[in-house]
Amino acid sequence: QVQLVESGGGLVQAGGSLRLSCAASGRTFSIRVMGWFRQAPGKEREFVASIRWSDVATYYADSVKGRFSISGDNIKNTVSLQMNSLKPEDTAVYYCAAADVFTTMKDGGRYWGQGTQVTVSS
């Protein structure tokens, strides 16, 4: 099993920035990709961004391209999400995810963190 712990959520005004971090523990040698999803109230969980260790390829949802940046360390098994130019519609619980297959992980991960709240005020 893999355990994921997020940190860095909070309240920020529109136009501001936040940085989320996630650390993996357990069977980390099996991780092939890590990333982030989010779920706003009344909506389904959606893909935000991912990074694949094999080729350091990164993937983003169209709604965050140009504003969010994902980075990671496959030795330490950590991943971060730098969120700039935040909008009220970015308000959601953000979940760290990981998978043990070579994939973009856009359809979901195998392992999930507990989530961290991000609130963007207008």
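In what follows, every heavy atom counts, from backbone to side chain, and hydrogens, waters and symmetry copies are set aside.
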Give every residue pair that meets the disulfide (SG to SG under 2.5 Å) criterion with at least one member in residues 92-122, sequence neighbours excluded.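 Listed by first then second residue: C22-C96.
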For residues 28-67, which residue pairs qualify under disulfide (SG to SG under 2.5 Å), counting only residues two or more places apart or in two chains?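 Matches after skipping sequence neighbours: none remain.
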Hydrophobic clusters join Ile, Leu, Val, Met, Phe, Trp and Tyr when side-chain heavy atoms are under 4.5 Å apart, directly or via other members; which others share one with V101?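 Result for V101 is none, singleton.
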Co-members of V56 in a cluster of I, L, V, M, F, W and Y side chains, linked at under 4.5 Å: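 Result for V56 is V2, L4, V12, L18, L20, I31, M34, W36, V48, I51, W53, Y60, V64, F68, I70, V79, L81, M83, L86, Y94, Y111, V118, V120.
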So T91 and Q117, side-chain contact (heavy atoms from CB on, under 4.5 Å) or not? Walk me through it. CA-CA 8 Å; T91 295; Q117 177 70 45; 4.0 Å; yes
Do you know which two heavy atoms are closest between S122 and A14, and how far apart they sit?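 Minimum heavy-atom contact is CA-CB, 4.4 Å.
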Considering only residues two or more places apart or on different chains, which pairs with a residue in residues 31-41 satisfy salt bridge (Lys or Arg N to Asp or Glu O under 4.0 Å)?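 Applying salt bridge (Lys or Arg N to Asp or Glu O under 4.0 Å) to every pair that reaches into residues 31-41, excluding sequence neighbours, yields R38-E46, R38-D90.
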Please collect all salt bridge (Lys or Arg N to Asp or Glu O under 4.0 Å) contacts where either partner lies in residues 109-122, sequence neighbours excluded, each pair once.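 Residue pairs passing salt bridge (Lys or Arg N to Asp or Glu O under 4.0 Å), neighbours aside: D100-R110.
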List the residues meeting salt bridge (Lys or Arg N to Asp or Glu O under 4.0 Å) with [X], not counting sequence neighbours, and say none if there are none.
X	result
D73	none
R45	none
K65	D62

Does R19 have any side-chain hydrogen bond (donor to acceptor under 3.5 Å, both in side chains) partners at least two apart in sequence or in another chain, and if so, which?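 In terms of side-chain hydrogen bond (donor to acceptor under 3.5 Å, both in side chains), with neighbours along the sequence ignored, R19 is linked to Q82.
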Any non-hydrogen side-chain atom of M105 less than 4.5 Å from a side-chain atom of Y59?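 Side-chain contact under 4.5 Å: no.
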Near-ring test F47/F37, centroid separation under 6.0 angstrom: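 When the ring centroids of F37 and F47 are compared, they turn out to be within the sub-6.0 Å range.
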For A57, does its backbone N or O pair with a side-chain atom of R52 as donor and acceptor, under 3.5 Å?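 Not confirmed, R52 side chain does not pair with A57 backbone.
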So, Q39 side chain and V93 main chain: donor-acceptor pair closer than 3.5 Å or not?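 Flag not set: sc Q39 to bb V93 has no pair under 3.5 Å.
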To the closest 0.5 Å, what do you measure between OG (S85) and CZ (R67)?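 Result: 7.0 Å between the selected atoms.
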Identify, with sequence neighbours excluded, every residue that meets side-chain contact (heavy atoms from CB on, under 4.5 Å) alongside D107.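 Partners of D107 by the side-chain contact (heavy atoms from CB on, under 4.5 Å) criterion come out as none, since no residue qualifies.
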Residues forming a side-chain contact (heavy atoms from CB on, under 4.5 Å) with S7, sequence neighbours excluded: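 Per chain and number, S7 pairs via side-chain contact (heavy atoms from CB on, under 4.5 Å) with S21.
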